[in-house]
Number of protein chains: 2
Amino acid sequence: MPGKGKWQNRFSGHGRRWTMPRETILQQLSRTNKHQSPKEIFLAINKFNPSIGLTTIYRTLELLDKMGVIHKLRIGDGQVRYELRGKEKEYHHHHLICTSCGKIIDYADFIDEEMELIKKTEKALNKKHNFIINNHNIEFYGLCEKCR
Amino acid sequence: MPGKGKWQNRFSGHGRRWTMPRETILQQLSRTNKHQSPKEIFLAINKFNPSIGLTTIYRTLELLDKMGVIHKLRIGDGQVRYELRGKEKEYHHHHLICTSCGKIIDYADFIDEEMELIKKTEKALNKKHNFIINNHNIEFYGLCEKCR
DNA sequence: ATGGTAATGATAATCATTTTCAATAACAAT
DNA sequence: ATTGTTATTGAAAATGATTATCATTACCAT
Ligand SMILES: [Mn+2]
Ligand SMILES: [Mn+2]
Ligand SMILES: [Zn+2]
Ligand SMILES: [Zn+2]
């Protein structure tokens, strides 16, 4: 049954339940490509649905992150932030963060060269330290157009 | 007067004062190449000098970071961590973080290739987004030898 | 030696995130 | 459709890291 939400199927048959709060939270994440904090998501939802509690936002975001549906960011501004994940290819990007106003810019330039270097580094580090690398995090800090 | 500590001069003549707590904190940072949290530093110092308060640790670490003497790390384990900075060349490195036990490994492999890519990326991002890039952060997450 | 003031430490306050727990609602089995 | 199981929820309290307050202390230029 199409139209019931593209995520519903990912919740069925795993002892998990498809609930209204979860659908609402995913809708809110879809509404923008910004990197939203739990509180921001809560406030946005709260305007039209005050019955969903902040605790549920936290729990759901954590779950969605574990499921791989969203991506958790920890830039250093005191709260966690989340963004929806796309398919691997179209999703992979890094962040440009303004240390003055906190603006976050997505970028995916030189991804190919970067991936090559990452692969090489991962292989070397794996051999050297016997360390299994699952993912990486790259971010640039500086001043955005307005703040420079 | 040598022996009085290699950092003392960095505190003179800027309206800043060279104090016993600051010297002790820098000593503690020198004692290991681990990435210590404020609380860890506090506990280590507290064993032989219980007169230094946690608040001072926080304030001093923040100051030292601003001065460029130490480097602040925010891996995602709930507390900030700091490490001493060496000279630019010998210092520059990234981190390998075990998501299971929290172990942090420094590495500096492929730094040259990496710097080349970083420079290229920085230039492109600057042109594209009119963003001034001051520094970057790269870290790999995975499982260490013991935790795999 | 002394005065101005940067630095300190104890305490309280903030603030994001977690935990607890009783009530609710999905949903598989009837 | 009704039921029973239990995953999920929301309110409230708890936690834990970091910050703000403020009276006291101690650098250090004079
Ligand atoms: Mn992004
Ligand atoms: Mn390091
Ligand atoms: Zn900005
Ligand atoms: Zn480990």
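The nearest whole Å value for the distance from the CZ atom in Phe42(B) to the P atom in dG16(D) is 16 Å. Residue Glu23(A) contributes atom CD, which lies 12 Å from atom P of dT9(D) at whole-angstrom precision. Spacing between atom CG of Asn46(B) and atom P of dT8(C) amounts to 16 Å, rounded to whole angstrom units. Rounded to whole Å, atom P of dA7(C) lies 12 Å from atom CD1 of Ile25(B). In this structure, CG of Asn49(B) is placed 12 Å from C1' of dG9(C), rounded to the nearest angstrom. The CG atom of Leu54(B) sits 9 Å away from the C1' atom of dT18(D) (whole-angstrom rounding). A straight line from NE2 of His14(B) to C1' of dC27(D) spans 16 Å, rounded to a whole angstrom. For the pair Glu40(B) CD and dT18(D) P, the computed distance is 11 Å after rounding to whole Å.
Rounded to 10 degrees, the angle separating the terminal helix axes of the helix from dA1(C)-dT30(D) to dT30(C)-dA1(D), each built from five base pairs, is 40°.
Among all heavy-atom pairs drawn from Gln79(B) and Asp77(B), the shortest one is O-OD1, 3.0 Å. For the residue pair Tyr141(A) and Ile75(A), the shortest heavy atom distance occurs at OH-CA, 4.3 Å. In this structure, Ile70(B) and Arg85(B) approach most closely via the heavy-atom pair O-NE, 3.5 Å.
The existence of a salt bridge linking Lys120(B) and Glu116(B) is excluded, since no basic side-chain nitrogen approaches an acidic carboxylate oxygen closer than 4.0 Å.
Backbone-only contact: Ser51(A) has heavy atoms under 4.0 Å from sugar-phosphate atoms and none from a base.
Contacts between residues 55-72 of chain B and DNA chain D, defined by a heavy-atom separation below 4.0 Å, involve Thr55(B), Tyr58(B), Arg59(B), listed by number.
A donor-acceptor contact shorter than 3.5 Å is absent between the side chain of Ser37(A) and the backbone of Val80(A). Side chain of Arg22(A) to backbone of Phe11(A): no donor-acceptor contact under 3.5 angstrom is found.
Ring centers of Phe131(A) and Phe140(B): at least 6.0 Å apart, outside the cut-off. Residues Tyr107(B) and His129(A) place their aromatic rings such that the two centres sit no closer than 6.0 Å.
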Dump every N/O contact between nucleotides 23-30 of chain C and the protein below 3.5 Å, one line per pair.
unit_1	atom_1	unit_2	atom_2	d
dA26(C)	N3	Arg17(A)	NH1	3.1
dC27(C)	OP1	Trp18(A)	N	2.8

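Mapping Ile52(B) and Pro38(A) onto DNA chain C by nearest heavy atom places Ile52(B) at the nucleotide closer to the 5' end.
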Take His95(B) and Asp106(B) through the side-chain hydrogen bond (donor to acceptor under 3.5 Å, both in side chains) test and state the conclusion after the steps.
CA-CA 5 Å; His95(B) 297 109; Asp106(B) 292 340; 3.1 Å; yes

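An OP1 or OP2 oxygen of dA7(D) is reached within less than 4.0 angstrom by no side-chain nitrogen or oxygen of Arg22(A).
Taking the six-membered ring where the residue is Trp, His92(B) and His136(B) present tilted rings, their angle falling between 30° and 60°.
A salt bridge (Lys or Arg N to Asp or Glu O under 4.0 Å) with Glu40(A) is found for exactly one of Arg81(A), Arg31(A), Lys34(A), Lys47(A), namely Arg81(A).
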